[in-house]
Protein chains: 2
Amino acid sequence: MNHPQPGCPHPRSLFHAPTRYALQALVRMPGDGTYRLARNLAAELGLPGPFLAKILQALCHAGLLESLRGPTGGFRLTRAPEHITLREVVLAMEGPEPFEDCLLGHAAVGEDCHCPIRPAWDVLQTLLTRVLAQTSLRDLQAAQSAPNRPEDPDLAVAAPV
Amino acid sequence: MNHPQPGCPHPRSLFHAPTRYALQALVRMPGDGTYRLARNLAAELGLPGPFLAKILQALCHAGLLESLRGPTGGFRLTRAPEHITLREVVLAMEGPEPFEDCLLGHAAVGEDCHCPIRPAWDVLQTLLTRVLAQTSLRDLQAAQSAPNRPEDPDLAVAAPV
DNA sequence: TGTAAAACAGATTTAAATATCCTAAAATAG
DNA sequence: CTATTTTAGGATATTTAAATCTGTTTTACA
């Protein structure tokens with residue numbers, strides 16, 4: 001048996017569930033000025049409708065979506081998908097501090113800890129942030145149609161294990 | 001307001017709470033053959049005693065600790081701290097798949113997804129795993145006494161932002 | 001022996017994340 | 001202007017992780 005009594009069943013995602021849903025929803029938003037229905041989108045994603053609606057609302061408040069009520073209404077992007085980065089989406093959903101400063105829980109956010117993996121963690125956070133900032137919704141959309149994997153040159157340097 | 005209605009308050013740690021507690025506890029285990037009390041250790045960490053006891057039990061099952069009951073009893077390391085890596089601890093507490101394969105939730109564990117940040121995420125996972133495998137409990141202990149930060153040469157390559 | 005101190009193991013409780021429901025407000029179409 | 005369709009937003013329910021509690025077993029020592 002590998003799992004201890006106190007919890008720890010599933011592998012943990014780096015982001016909260018609503019953040020992942022937000023990304024999946026935004027990728028499927030029309031690029032033209034058309035409005036899309038929350039209910040419609042929820043069905044495609046296999047998500048509970050009213051729950052997705054909440055997330056779309058949050059994205060409206062963050063300025064990434066705009067909404068229209070009534071018939072012919074729905075949600076649409078405020079900008080073209082190539083001008084919305086994953087970083088913006090994550091910031092909107094997770095807040096300005098997406099992850100803990102110390103992997104081991106040594107220090108609160110903003111504080112300083114001195115464990116030896118701290119500098120490595122800082123570097124990883126920086127790399128991840130950069131990748132998120134360099135990837136747009138358009139890139140995600142393109143990847144869905146053509147399943148190729150363009151390797152990131154920045155990261156290729158460190159790749160050989 | 002940045003936080004959406006459906007959840008998302010705190011910055012999320014990459015590991016579950018019990019995993020972080022396990023690391024904090026192991027670092028404070030005596031290196032000689034002495035047994036240490038769970039209650040005692042819990043007090044030092046500011047953790048609920050019986051909860052920490054569960055975690056120590058799990059570490060016993062994983063073979064990282066051994067226990068002795070009765071008076072003069074407690075817990076001790078099965079190996080010298082320089083021969084226990086953080087990776088072993090994380091595997092023991094989180095299971096063989098510490099994090100999701102796809103950051104955006106596109107694919108289940110083991111499956112394949114094609115989003116453009118996938119290769120970057122794979123690289124980051126590899127780097128993190130390597131750092132955890134290269135860092136021992138002894139390193140953590142040393143860092144606590146002498147708060148210096150020896151930069152990891154592997155990661156320094158990718159550092160300049 | 002018998003008593004006290006400790007880990008052990010299961011059940012239970014609390015809190016947080018996730019998901020659902022329900023009524024109101026806005027916009028369109030007839 | 002009324003009925004219908006949609007988002008808005010608060011309240012509530014469900015699920016999962018985190019923490020606590022209760023009693024049992026083992027060990028040392030008097």
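The sequence lines fix the lettering, A, B, ..., with proteins before strands; numbering per chain opens at 1.
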Quick check: closest heavy atoms across [X] and [Y], and the distance to 0.1 Å?
{"X": "A:Cys115", "Y": "B:Leu140", "value": "CB-CD2, 3.7 Å"}
{"X": "A:His16", "Y": "A:Glu94", "value": "N-OE2, 2.7 Å"}
{"X": "B:Gln141", "Y": "B:Leu26", "value": "NE2-O, 4.3 Å"}
{"X": "B:Phe15", "Y": "B:Arg20", "value": "O-NH1, 3.0 Å"}

At 4.0 Å (heavy atoms only), tell me whether [X] reaches a base, stays on the sugar-phosphate, or touches nothing.
{"X": "B:Ala17", "answer": "sugar-phosphate"}
{"X": "B:Gly74", "answer": "sugar-phosphate"}
{"X": "A:Tyr35", "answer": "nothing"}
{"X": "A:Leu37", "answer": "sugar-phosphate"}

[atom1] of [X] versus [atom2] of [N]: gap in Å, rounded?
{"X": "A:Ile55", "N": "C:dT18", "atom1": "CD1", "atom2": "C1'", "result": "10 Å"}
{"X": "A:Arg39", "N": "D:dT7", "atom1": "CZ", "atom2": "P", "result": "7 Å"}
{"X": "A:Phe51", "N": "D:dG9", "atom1": "CZ", "atom2": "P", "result": "17 Å"}
{"X": "A:Lys54", "N": "D:dT7", "atom1": "NZ", "atom2": "P", "result": "13 Å"}
{"X": "A:Leu59", "N": "D:dG9", "atom1": "CG", "atom2": "P", "result": "14 Å"}
{"X": "B:Leu47", "N": "D:dA18", "atom1": "CG", "atom2": "P", "result": "13 Å"}
{"X": "B:Leu56", "N": "C:dA9", "atom1": "CG", "atom2": "C1'", "result": "15 Å"}
{"X": "B:His16", "N": "C:dA16", "atom1": "NE2", "atom2": "P", "result": "16 Å"}

Checklist entry - If you find the nucleotide of DNA chain D closest to A:Pro50 and the one closest to A:Gly73, which residue's nucleotide is nearer the 5' end? => result A:Gly73

I'd like a list of close polar pairs between nucleotides 26-29 of chain D and the protein, N/O only, cut-off under 3.5 Å.
| unit_1 | atom_1 | unit_2 | atom_2 | d |
| --- | --- | --- | --- | --- |
| D:dT26 | O4' | B:Arg69 | NH1 | 3.0 |

Checklist entry - To the side chain of B:His61, which of D:dA18, C:dA9, C:dA7 is closest? => result C:dA9

Item to check | Pairwise side-chain contact, B:Ile55 with B:Met93, heavy-atom cut-off 4.5 Å (strictly under) | outcome: yes

Checklist entry - Do A:Leu41 and A:Phe75 come within less than 4.5 Å of each other through their side chains, counting heavy atoms only? => result no

Checklist outcome for this item: side-chain contact (heavy atoms from CB on, under 4.5 Å) test vs B:Arg79 passes for just one of B:Leu137, B:Leu65, B:Ile84, namely B:Ile84

